Structure formats: structure tokens, C-alpha cells
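Only one structure is covered here, and it is reproduced in the block below.
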Number of protein chains: 2
Amino acid sequence: MAATAGKLPLSDSFDILLVEDNADLAGNIIDYLEALGHRLHYAADGEAGLREALVSPVDIVLLDLALPHRDGLSVCAEIRRRADRRVPILMLTARDTLDDKLSGFAHGADDYLVKPFALAELAARITALARRPQLGQSHRLSIGPLIIDRQARVAIRDGQELRLTPLLWKLLLLLAEAWPNPVSRDAVTARLWGDEPPSSDSLRAHVHLLRQVVDKPFDQPLIETVHSVGFRLKAEP
Amino acid sequence: MAATAGKLPLSDSFDILLVEDNADLAGNIIDYLEALGHRLHYAADGEAGLREALVSPVDIVLLDLALPHRDGLSVCAEIRRRADRRVPILMLTARDTLDDKLSGFAHGADDYLVKPFALAELAARITALARRPQLGQSHRLSIGPLIIDRQARVAIRDGQELRLTPLLWKLLLLLAEAWPNPVSRDAVTARLWGDEPPSSDSLRAHVHLLRQVVDKPFDQPLIETVHSVGFRLKAEP
DNA sequence: CGCCATTTGACGTCGATTTGACATGGCGAG
DNA sequence: CTCGCCATGTCAAATCGACGTCAAATGGCG
């Protein structure tokens, strides 16, 4: 998998979801971007794209606006509404009026590229998008008694540093980034393991381990399970 | 750090540094963006812009490329090299060839806008660049005393959080989405269980359970039975 | 080898859903 | 107006699946 949960995109290659119904154009884009080392995921219509965007751990979404069944704008808005993290979305479209662009941004796009475009510019914008800071400008997250510094890879609760294995670190970061929203088990699994999750439900075990570190030594538990949904961090702002 | 750094993003207005030597254009941009509520900082040449970017707590930099004394590209690269945080940089320039754009991104730009441009597009791109996760702003339904946040998976009535099992959550969401219309039993059954509904009429039991949670603790019932039709939420807008 | 991180499988518990039995109430037929 | 039926409300017991917990197995790495 790739989608490297927990890391900032350190590498120059990304998991990219392309939602585009024109097979020729899609083929070109896929060839070009894969030649650059990216991993392409493909959806030919809006519904499929939405589904993929919600469950797949992609780093960026390239979204055509003219799609069968469902307009790209509504797909974009729904990704924003339902995704548990803010995946960058780049709109690709022939619609080039000012109103079109404004509408695109208003629906939650991060960038907007008018067809026809140079593949090299697309690649440059993808790189620029993927390295934008995802959460505020800060590598620091502060959630109730928790302070997380992604750069230093350190998590502190009530002044005490938490000792976290790589996987537990990713897991905590995921919960922290989604806060105060819950994260579904599926989403966690997808972002921790991608397409090949462990056969057993080892997420249970890891959540248990995370609790040992994050909650056990303290009075109030931070990690809350939302039954048959997933988990969330519980803390006052 | 940016003026708003450290705080959660509460506002849609930013500290913006404009580096641009053309006074007329600069004036237009400043007027337009200030009218939108942003706070503008201004530098007329590359040196001043660089100094400002390194010490001022701005949220975003708008950088002209054709500057006296020092080219915008080198200013951009130096900001990236020396700043202790990754401030978003949007390049504004008349240079419109593909190579120009690629060079801009290669020097660390986050976005690239070719002159002449519409001020509205500039504003939209600024928002997209500076956008942070809107906490609490997620998708909300508000029905009378009821507030439902799908993203947070939380329902609140009169300030009190309702504890809902997965099925009851779906059920309430169904009613809320249909509001103020009633939903037929068949429709509910279909959307809760699809093709294989439980053999008994367990919808009755679930509506009962939902009432225990949503209505029982309060004065006025919200859930209304429409005899031989289905159910509806009853509330004033 | 020995250490650490992760995975696995087993088990007990608890919450969620279903079921069936019974009570209540609206509404049309007579 | 009353009876009786059918839709609905109520409840507790039964079933089922999700979750927490743990210890042991696995696997990479020095």
C-alpha cells in the first residue's frame, strides 16, 4: 500500500485516484503518471469514484466533472462531507468560465485544472498539492490533554511522553486527525494496511494495545469505541 | 507562526502577504481581499517580501515573479529553505508558458495563477490553499430541537446528546432526511434491511426503542405515527 | 540467538437486534 | 353507537455478533 498513513508524503510517489469517464484521456494520464512512479487507481464514473475515495487510502483525487450518472461536483462535495480525512482533490474539466471555477472551489476542490492541459503541469500540481500541509500549518496537534508532534514523532499526554510502536503511532495519528469525528474500522484498516489487511481482526488487538499506552496510565480514557462503527478520541476542545 | 497558529481555525479570514511591485495591481488586490475580511501585508520588492515572509506570521504569500532587485523564484526558494514552517505560496505572474509554470512549482510554489486573472478566482484559490479542516462545521441537519451531525455521528436534542445504536441511528437519519414528509414502513424496511428484512415486524420494536431515546426524556414527542402509512418527524422549522 | 513489533486464535462479556406474546387504539361495517 | 379487526405500542426473553482481553505464535532484525 502506500498511502503511508501517518507519514507526511516524504516520497515523491503517490497513490492517485483518477475519476474520468473518457477512456482515452484516462489511459494517457495513467500512463504518464505511472511512468513517473505514481500508483494509479481508476474509476470510470462518479459512484465508483466516490466509493473508492471513501474507502481507499489514496493520497490525492483527480476528478473529472463531466461524469455519467453523477456530476463531479456532487461527488466532490460528498467526499468532503463523508470522508474522515481531508484528501486533496484536483478537478480536471473543460469547463473554463470563472463561475465554473468558483463553483469547483466552493464544492471543496483544492485545485482546478482546465482541459486541455499539459500532463507535465498536471504532475507538477499533483506534487504541489500532495505536499501542502494537510492540517493547518502545523506539525502539532493538540487534543484535550494530548499533544502530538508529527515532525518529532512524539505524543505527550499530561506532560508524559507516550511510548508508541510504529503501528500504534499511525493509529493514534489517524484518530487524532479525524477528531472529533469517529473513524470507521474499515477506514482504519484501509489506511493502516491498505489492500492486504491481516487475516484476523488484529485491529482489535492494536486498539487494545493503544489503550494500554494512551489510557491505562491515566484517569480518563480518551479512546472511545462507537459500537459497530469504529473509534474516536473523546476530548473537550 | 501565523497569527492564527496554535489556535484552532475559527475564521475564514487570513493574514496575507502580497509581494508585488505594480502599485496599481497591488492596490486592487488589497482592496478586494480586505473587503473580504482578510488582513493584507504588503511588500513592493523581493528583499522586503522575503524578510516579511520569514518574520511575519502570515497565513499565505502571494508572490509576483517579476520583482525589482530579486526574482520571485529565488524569493520563493529561499522562503522554503529558511522558513521554519511551510507557509503556502501562490505565484502571480504574467509568465504563462508551461516551462514557467513547471519552474514555479519546482521552486516550491503551491499554486500558480497567470495574469490577468479574476480577483474572485484569486480569492477562491487563497481559500483553498489556506483551508483547514472545519471543525464542527461538518454536515449538519437541524430539525426543530434536533441537531444531527452525520460526520461526527452525533444527534443532539435540546443540548442533550442522544445515545443511538447503529440501527436506530440509521432510522433517525432516514426520518430526518425525509422531513417534513412521512416515510412509509416499506421504505424504511427497504433502506434498513434491503432484501432480507427480519421475519417478524421488528420495525415496530425499533421505532419503540427510538422513541425511548428521542422522545421519552422530553416533553414533546418528535416521532409521529401516520396510521397505515408510516412515520414522520414533527417539528417547526 | 534474543528482542521487539505484530499477528493470531481463543475465550468471556456485553450490547444490539430479533422474536413472540400481549396490550392498546383507531376505524369501518353493521 | 358498538363490535371486532388490524395496525400499532410495549415489553422481556432469546439470539447473535461485536468487542475487550490475553497469551502464545510469528517474523524481522541486530
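Quick note on labels: first sequence line is chain A, next is B, and so on, each numbered from 1. Please read these numbers as outputs of a predicted model, since none were measured by experiment.
Between A:Leu209 atom CG and D:dA23 atom C1' the separation is 12 Å, expressed in whole Å. Between the CD atom of A:Glu224 and the P atom of C:dG15 there is a distance of 14 Å, rounded to whole Å. Atom CG in B:Leu210 sits roughly 14 Å away from atom P in C:dA16 (whole-Å rounding). Atom CD of A:Gln212 and atom P of D:dG20 are 12 Å apart (whole Å). Note: CH2 (A:Trp193) to P (C:dT8) measures 9 Å, nearest angstrom. The CZ-P distance, from B:Arg163 to C:dT17, rounds to 11 Å in whole Å. B:His206 has its NE2 atom 16 Å from the P atom of D:dC11, to the nearest Å. Atom-to-atom, CZ of B:Arg185 to C1' of D:dA7 comes out at 7 Å; the value is rounded to the nearest Å.
For the pair A:Arg51 and A:Glu47, the salt-bridge criterion is not met [side-chain N within less than 4.0 Å of a carboxylate O]. Ion pairing between a basic and an acidic side chain is recognised when a charged N comes within 4.0 Å of a carboxylate O; B:Arg80 and B:Asp110 show such pairing.
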Could you give the side-chain donor-acceptor pairs of residues 164-183 of chain B under 3.5 Å, partners two or more places apart or in another chain?
{"unit_1": "B:Thr165", "atom_1": "OG1", "unit_2": "B:Leu168", "atom_2": "N", "d": "3.3"}
{"unit_1": "B:Glu177", "atom_1": "OE2", "unit_2": "B:Arg150", "atom_2": "NH1", "d": "3.4"}
{"unit_1": "B:Glu177", "atom_1": "OE2", "unit_2": "B:Arg150", "atom_2": "NH2", "d": "2.5"}

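Taking only side-chain nitrogens and oxygens, B:Ser228 never comes nearer than 4.0 Å to OP1 or OP2 of D:dC6. Put simply, A:Arg204 has no side-chain N or O that comes within less than 4.0 Å of OP1 or OP2 on D:dA18. A sub-4.0 Å separation between OP1 or OP2 of D:dG9 and a side-chain N or O of B:His208 is absent. Note on B:Thr225: every side-chain N or O is 4.0 Å or more away from OP1 and OP2 of D:dA7.
In this structure, A:Ile223 and A:Lys234 have side chains that are not in contact, with every pair of non-hydrogen atoms separated by 4.5 Å or more.
Across all their heavy atoms, A:Leu162 and A:Phe218 have their closest contact at CD2-CE1, 4.1 Å.
For B:Ser199, taking side-chain heavy atoms from C-beta onward, the closest of the listed nucleotides C:dT19, C:dT17, C:dA5 is C:dT19. Residue B:Leu167 places its side chain closer to C:dT17 than to any other of C:dT17, C:dA5, D:dG20.
A:Ser200 comes within 4.0 angstrom of a base, heavy atoms only. Base engagement by B:Ser202 is indicated by at least one non-hydrogen atom pair under 4.0 Å involving a base atom.
Side-chain polar atoms of A:Glu34 and A:His38 form no donor-acceptor pair below 3.5 angstrom.
At most 12 heavy atoms of other shown residues, nucleotides or ligands fall within 6.0 angstrom of atom CZ in B:Arg191.
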I'd like a table of atom pairs between the protein and nucleotides 25-30 of chain C - only N or O on both sides, under 3.5 Å - with the distance next to each one.
none

